[in-house]
Amino acid sequence: MLTINFLRENTKLAIERLKVKNFDAQSIITVILGLDQQRRDIQTESDSLQAEMNQLSKEIGNLFKQGKQTEANEAKEKTTSLKDKIKDLTTRLDEVNSELNSLIVQLPNVPHESVPAGKTADDNLEVRTGGAIPVLTDEALPHWDLAAKYNLIDFELGNKLTGSGFPVYIGQGARLQRALINFFLDENLKAGYTEYLPPFMVNEDSGFGTGQLPDKEGQMYHVGLDNFYLIPTAEVPVTNIFRDVVLNESDFPVKCTAYTPCFRREAGSYGKDVRGLNRLHQFDKVEIVQLRKPDDSYLALEEMVSHVEAIVKKLGLPYRIIKLCGGDMSFTSALTYDFEVFSAAQKRWLEVSSVSNFESFQANRLKLRYRNNETKKTILAHTLNGSSLALPRIVASLLENNQTAEGIKIPEVLVPYTGFSLIK
RNA sequence: GGAGAGAUGGCAGAGCGGUUUAAUGCGGCGGUCUUGAAAACCGUUGUACCGAGAGGUACCGGGGGUUCGAAUCCCUCUCUCUCCGCCA
């Protein structure tokens, strides 16, 4: 969430920038600033009344000690009206605060100045492309047929065990998963990230910290008996490691990576978008998370984009990097780059990574701060994250693009991990 | 699942109705001494909000209550630990 101080000091800027996200903030911000003023007025009054009350209580204590019962009882009577006033003010303050809060959480993050305006994915900006799109024969198969042909993934079996969207990987298919996870983690380690293996379920506080709760709870699986949520991405447990933490300047940059399965309900999805590996309820992903000081978070974003790009290049997949327009960006992001790889038999671009700078939007919810060396003040850190990478669509693209008459070729960098160079 | 104990500042740990602006120790920071360091000694040491400032208010796991006054008493929730049971 945005901070009230930011809104107070940058009212015009916030309204202008939010237009890029197609969000008309004019009236809501006006109401917010009005409530903020009310809040401060009430608190000033309430504080001074409470000071008076504290003073009075102290005096009553002293009177009792001196045995002056009558005076003490007289003084006690004076507190009654004070108490009522304070109670009244406190109630009002709570009301104003909760109203204020409920409005602020409705405001999306303010996009970075470089974010293009636009409504849909069509308005996104292609930053650059790489890799060659393979030319396949007419007999080329989509990955779900390849998966069946080579017995790599059994989608039907997943239906039996759980339900649709929970595939079972088998043999070389399973080993390819394990290889990719290790490869991605190793690449991240080499780039200076520390590996974590977090819980795959989180509590409510964690869900709130990264912004999944309260609004998007329909997207997560909920374990009702214990009130836990299955994580939709490693971003949730990893970023929440730093909830309620005050870092030192010397701790930066904080760079974390984690492999986790990801669970998404994806209610309402259907059709060709969800065919095969295109969209699943459970999938594997390796995530990178960085914490930065505000002054170099955009440098870090570019660094993360280059890092993910290097991995995709090593796999030899045709890719494009896209800067999302305001309308296509997530609620919490200030700037997002998407990575897509081309899946040559489906002839579709598939999103395999989304790299974002959230600035202090998440940090404010998380109370994730650092102490400034000079001023000794605490300042909200910036959080960033990205996939490096999501497995299913990488697998889809690898299978489709690398199919030959002899079998499916495994990219050279993966062979040490798979132990085989051809799926047949 | 059963029984018991507990939750206090960065950490350890007192306090159990009114000089608590939370003792004390450790750690951290600043200083004295020293060629330098250690030791010793002295000082200092949280967060948030309101206020131009002086200053004020709130916070002792969360929420509610009793009281003129709550870290302290009551209710309730959550979590942690110990033992037993089950178990990879």
Side-chain angles (χ1 to χ4, degrees), chain A residues 1-9 32-105 197 199-209 213-214 222-229 237 240-251 254 261 360 363-381:
Chain A
M1 59 196 279
L2 297 170
T3 66
I4 187 68
N5 286 340
F6 173 82
L7 289 173
R8 214 180 309 164
E9 287 156 22
I32 286 171
L33 293 179
L35 286 168
D36 178 48
Q37 189 57 53
Q38 273 189 54
R39 180 191 123 246
R40 294 195 280 165
D41 292 345
I42 295 170
Q43 192 180 330
T44 304
E45 198 184 342
S46 162
D47 279 1
S48 75
L49 288 182
Q50 285 189 69
E52 209 178 311
M53 188 73 170
N54 290 342
Q55 185 57 37
L56 215 51
S57 291
K58 208 172 269 182
E59 284 168 18
I60 291 170
N62 286 331
L63 289 173
F64 271 124
K65 223 174 256 173
Q66 294 161 24
K68 298 179 177 169
Q69 295 285 340
T70 342
E71 286 93 330
N73 285 326
E74 275 168 27
K76 265 166 106 169
E77 276 168 36
K78 283 204 296 190
T79 62
T80 322
S81 70
L82 252 181
K83 260 175 108 172
D84 286 347
K85 275 187 204 160
I86 289 169
K87 189 160 192 179
D88 183 50
L89 284 173
T90 310
T91 311
R92 273 175 61 203
L93 189 60
D94 286 347
E95 282 166 8
V96 169
N97 267 330
S98 80
E99 206 177 327
L100 185 60
N101 205 49
S102 74
L103 289 178
I104 286 186
V105 296
L197 205 160
F200 302 156
M201 292 197 272
V202 293
N203 58 26
E204 244 175 310
D205 286 346
S206 294
F208 177 83
L213 296 175
H222 183 220
V223 182
L225 206 55
D226 297 289
N227 199 23
F228 292 151
Y229 292 87
N240 271 284
I241 291 171
F242 302 96
R243 170 155 49 87
D244 291 319
V245 166
V246 180
L247 296 161
N248 295 312
E249 286 205 34
S250 57
D251 295 329
V254 176
S360 60
N364 190 31
R365 287 183 154 227
L366 292 160
K367 295 197 169 50
L368 161 52
R369 296 156 298 172
Y370 70 96
R371 193 174 302 282
N372 182 289
N373 273 344
E374 278 140 40
T375 63
K376 303 293 175 200
K377 294 266 187 212
T378 56
I379 298 169
L380 291 173

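Just so it is clear: chains get the letters A, B, ... in the order the sequence lines come, proteins before strands, and each one is counted from 1.
- Of the P atoms belonging to B/G4 and B/U8, the separation is 22 Å, rounded to the nearest Å.
- Among the heavy atoms of the strands lying under 4.0 Å from A/Q50 are primed sugar atoms or P, OP1, OP2 only; no base atom is included.
- Here the P atom of nucleotide B/G69 and the NZ atom of A/K87 are 11 Å apart, to the nearest Å.
- Using C1' as the reference atom, B/U82 and B/A58 are 36 Å apart when rounded to the nearest Å.
- Here B/G46 is the nucleotide among B/U57, B/G46, B/C50 with the atom lying nearest to any side-chain atom of A/R371.
- Among the atoms of the strands shown, only primed sugar atoms or phosphate atoms (P, OP1, OP2) are found under 4.0 Å from some heavy atom of A/T79.
- Comparing the P positions of B/U21 and B/G56 gives a spacing of 12 Å, expressed to the nearest Å.
- Nearest nucleotide to the A/N54 side chain, out of B/C68, B/U57, B/C49: B/U57.
- Between A/K83 and B/G69 there is a side-chain N or O to OP1 or OP2 distance below 4.0 Å.
- If you take CD1 of A/I60 and P of B/G18, they are 15 Å apart, rounded to a whole angstrom.
- As judged by a 4.0 angstrom heavy-atom cut-off over every strand, A/A51 is placed among residues touching the sugar-phosphate backbone only.
- Base pairing analysis places B/G69 opposite nothing; no Watson-Crick or G-U wobble pair with both distances below 3.5 Å involves it.
- The partner of B/U82 is B/A3, judged by Watson-Crick or G-U wobble contacts that both fall below 3.5 Å.
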